[in-house]
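As structure tokens, the structure follows; a few thoughts come after it.
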Amino acid sequence: MSNAKPRLRFAPSPTGYLHIGGVRTALFNWLWARKTGGTFVLRIEDTDQERSTPENEAVILRELRWLGLEWDEGPEVGGAHGPYRQMERLALYGEFADQLVERGAAYRCTCTKEELDAQREALKARDAKAVFRYPGTCRDHKGPKPDRPWVLRLKAPTSGAVTYEDLVFGEVTTPNSAQQDAVLVRADGVPLYNFGAVVDDITMGITLVARGRDHMVNTPIQILLYEALGRTPPRFAHLPMMLAPDGTKLSKRHGAVSVGEYRDKGIAPAALLNYLVRFGWSFGDQEVFSVAQLVDAFDWARCGKGDGKFDAKKLAAIAFEHLKRPELTSLEAYADTVAPFLEKRGLPGVDRGLLLAAIPHVRERAQTLVDAAEGLDFLFRERPVYDEKAVKKFLVPEKASHLGALREVIASSPDFTRAGLEAHVVAWLGSRSLELKDVAQPVRVGLTGRSVSPGVFEVLELLGRDRSLDRLDHALSLLAAAGGA
RNA sequence: GGUCCCAUCGUCUAGCGGUUAGGACGCUGGCCUCUCACGCCGGUAACGUGGGUUCGAGUCCCACUGGGAUCACCA
């Protein structure tokens, strides 16, 4: 083999949102390109004109960028092998189609879809279980292009077999008898998947094709095309399937399958990639990886063959790990990623210093960025949004009898820091034979509006003396109202 | 049905002839504790079946069973 840098590609079809399974495929290609210093190409396979839309393409590009899976060549970034949309490469397919005919590996077929459908129906009537295969009516057609509409068909070999060495699955052999004279190019000159992909992979210099196992059945026919064109096939690596929890194909009805949904749920890109990479790839006992670590550790030899089932709980756990660990999500990065979620709560452009100071206290109790924004919310309002249930439960005479006194104790603290406040308050509690747990909840609700928050001393320090006392005063007024005073 | 592929706890997986079969998620008992969490300690649970090969099989071979992919002028 040459030591040329590998060229890999991700070739989505813009027929819908970016599927989570597609992201996994893109990720593996991207990782290998980054690890080896190779090239990651993005190609848009938009030959299904019925379903492809520019809007879908735009979404795919946006999601890939959000994930950090930047492409070296492709739409919007260009490259030496463009254009990168198949519908802009039509002339190329024509050239290769002619080559195939010249070499006797394909032929022009003038059977109409109607004729074929009729034959298919007839066969069905005779034998319901029979599978229709093109009978080869035009197989020996030669000479110039017909004056009737025609499609290009593969002249599939009837004997022999195709064998290739899959980077993941090892040696795979498929008898040529399994092939049929598949349509390569439609009557309008638009290629079908197998032909378009091969022509593009050839002309784009792709050296390694990594894709889902569902494409494994296409590989022999593609290799046949490479050989017919006198080209060396690339290496292939097939990835096991990612299935739904019930073992069926992962789809909308099983929950979120589009990348956008995970973004909206507050899952960080690196966390999603970390979760996805563990499908069909492992690195000893390590579960949590930064993207840089993945680039470093990734290897086809560590890929498994068994299909996997999507587990939302595990994803949540991985996402949490990323949010929790400063080495994976720095303070600054955390602040940047949570900001949009605060904005969604009506808190745009919050005080950066306060945000940075607060994050260490919320990051270990926020599973997602949505949770984090919820936990941070109280800091950035004049007064917190008081949770009705929490107020009814804790800002009542039976529970908050010491709140007034505590307000004064806090106000008199000489040092309004977490440690200073704690020392001061605990000393007072000791003198009254009280424990912190006897008085903390009403204070917490008063300060944050909620019964769940970081420690009360942390909250006091974050809020500062003025805002803290204002909130405690407000809590006392709520208490008075509840006590019917 | 044809062709291809796969098979370790419920789930993701480690294991590359000799292990008390390990880790993670989940579930669960306890500790810590101002709430909720985090954290820490412990528990639960797996090699689909049958044949071989071998001194010795989760690891190698075969069969079976089970599961998946695909059989379009979709990709």
Side-chain angles (χ1 to χ4, degrees), chain A residues 11-15 45-48 50-52 86 109 111-113 116 120 127 129-133 149 151-153 166 168-170 172-175 177-180 182-188 190-194 196-197 211-220 238 240-241 243 245 247-249 275 278-288 301-302 304-318 320-321 324 361-367 371 375 390 394 422 425-426 429 435-441 443-445 448 450-457 459:
Chain A
S13 163
T15 51
E45 306 212 332
D46 53 356
T47 54
D48 182 347
E50 303 278 303
R51 297 188 299 150
S52 297
Q86 292 192 316
C109 168
C111 296
T112 65
K113 190 157 179 27
L116 261 19
R120 202 186 312 266
D127 180 356
K129 284 185 299 211
V131 177
F132 179 76
R133 305 180 88 206
V151 300
L152 187 74
R153 275 187 192 276
D166 192 287
V168 174
F169 287 93
V172 179
T173 299
T174 306
S177 57
Q179 305 304 343
Q180 60 174 318
V183 174
L184 265 19
V185 183
R186 298 174 172 92
D188 59 5
V190 178
L192 258 20
Y193 170 69
N194 278 128
R211 72 229 305 195
R213 186 172 64 80
D214 50 335
H215 280 284
M216 218 159 170
V217 72
N218 290 313
T219 304
H238 291 96
M241 301 269 81
L243 306 168
T248 62
K249 212 166 176 177
Y275 175 70
R278 293 298 325 285
F279 273 92
W281 182 82
S282 61
F283 193 72
D285 284 342
Q286 190 173 348
E287 297 281 350
V288 182
R302 290 182 172 278
K305 306 173 185 180
D307 293 341
K309 292 172 187 164
F310 188 85
D311 181 0
K313 287 223 176 97
K314 181 84 180 232
L315 168 60
I318 295 292
F320 186 34
E321 284 301 319
K324 202 166 52 189
H361 304 297
V362 305
R363 73 186 312 163
E364 65 199 23
R365 52 197 109 216
Q367 300 268 332
D371 297 341
F394 293 108
E422 180 159 15
V425 170
V426 167
L429 287 170
E435 288 187 75
L436 189 52
K437 69 178 171 204
D438 300 324
V439 300
Q441 282 306 80
V443 176
R444 183 188 317 286
V445 174
T448 70
R450 316 186 334 138
S451 57
V452 171
S453 83
V456 291
F457 300 113
V459 171

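- Among the protein residues, A:Gly170 comes within range of no part of the nucleic acid, since none of its heavy atoms lies under 4.0 Å from any strand.
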Check nucleotides 43-47 of chain B for protein N or O atoms closer than 3.5 Å to its own N or O atoms and list the pairs.
none

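- In this view, A:Tyr275 and A:Phe279, A:Phe310 satisfy the ring pair (Phe, Tyr, Trp, His ring centres under 6.0 Å) rule, not counting sequence neighbours.
- If you check B:rU3, B:rA14, B:rU35 against the side chain of A:Gln441, the one that comes closest is B:rU35.
- Contacts of A:Thr219 with the nucleic acid, taken as non-hydrogen atoms under 4.0 Å apart, are absent.
- The same atom, C1', is picked in B:rU13 and in B:rG58; the two are 14 Å apart, to the nearest Å.
- Both distances falling under 3.5 Å, in either a Watson-Crick or a G-U wobble arrangement, place B:rC64 opposite B:rG48.
- Using a 4.0 Å heavy-atom cutoff across all strands shown, A:Val172 reaches sugar-phosphate atoms only and no base atom.
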With sugar-phosphate taken as primed atoms, P, OP1 and OP2 and all else as base, the protein-contact string of nucleotides 61-75 of chain B at under 4.0 Å (heavy atoms; B, S, -) is -------BSSS-BBB
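- Nucleotide B:rG42 has B:rU28 as its partner under the Watson-Crick or G-U criteria, with both atom distances under 3.5 Å.
- Proximity of A:Val459 to A:Thr448: side-chain heavy atoms (C-beta onward) are separated by under 4.5 Å at one or more points.
- Comparing atom distances between the A:Arg444 side chain and each of B:rC34, B:rU13, B:rU3 picks out B:rC34 as nearest.
- The P atoms of B:rA46 and B:rU65 are separated by 26 Å, rounded to the nearest whole Å.
- How far CD of A:Glu321 is from CD of A:Gln367: 9.5 Å, rounded to the nearest 0.5 Å.
- Counting only heavy atoms from C-beta outward, the side chains of A:Glu435 and A:Leu429 never approach each other to under 4.5 Å.
- As the counterpart of B:rC55, B:rG18 is assigned, both hydrogen-bonding distances of the Watson-Crick or G-U wobble pattern falling under 3.5 Å.
- The pairing partner recorded for B:rA69 is B:rU3, the criterion being a Watson-Crick or G-U wobble arrangement whose two distances lie under 3.5 angstrom.
- Atom P of B:rU3 sits at a distance of 35 Å from the matching atom of B:rC16, rounded to the whole Å.
- A:Arg213 has its side chain out of reach of A:Asp166: every pair of non-hydrogen atoms, C-beta onward, lies at least 4.5 Å apart.
- For B:rC34, the glycosidic angle deviates from 0 by more than 90°, giving an anti base.
- Rounded to whole Å, atom P of B:rU59 lies 14 Å from atom NZ of A:Lys305.
- Note: A:Lys314 NZ to A:Arg278 CZ = 6.0 Å, rounded to the nearest 0.5 Å.
- Within the nucleic acid shown, A:Thr174 comes within 4.0 Å of sugar-phosphate atoms alone, with no base atom in reach, counting heavy atoms only.
- Taking NE2 from A:His238 and CG from A:Asn218, the interatomic distance works out to 7.5 Å, rounded to the nearest 0.5 Å.
- Atom CG of A:Asp166 is separated from atom P of B:rC5 by 10 Å (rounded to the nearest Å).
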Pairs under 3.5 Å (N/O, protein and nucleotides 38-42 of chain B):
unit_1: B:rC38; atom_1: O3'; unit_2: A:Lys324; atom_2: NZ; d: 3.3
unit_1: B:rG39; atom_1: OP1; unit_2: A:Lys324; atom_2: NZ; d: 2.9

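- Side-chain atoms of A:Asp46 do not come within 3.5 Å of backbone N or O of A:Pro14 as any donor-acceptor pair.
- Nucleic acid contact class of A:Pro175 (heavy atoms, under 4.0 Å, all strands): sugar-phosphate only.
- Atom NE2 in A:His361 sits about 17 Å away from atom P in B:rC34, given to the nearest Å.
- Taking atom CG on A:Leu436 and atom P on B:rC34, their separation rounds to 6 Å, with Å as the unit.
- Of the candidates B:rC12, B:rC25, B:rG22, the closest approach to any side-chain atom of A:Asp285 belongs to B:rG22.
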Considering only nitrogen or oxygen atoms on both sides, find all protein atoms under 3.5 Å from nucleotides 8-11 of chain B and state each distance.
none

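- Remark: A:Tyr193 pairs with A:His215 by the ring pair (Phe, Tyr, Trp, His ring centres under 6.0 Å) rule, at least two apart or across chains.
- Distance CZ/A:Arg120 to CZ/A:Arg133: 12.5 Å, rounded to 0.5 Å.
- The separation of B:rC47 from B:rU28, taken at their C1' atoms, amounts to 24 Å, rounded to a whole angstrom.
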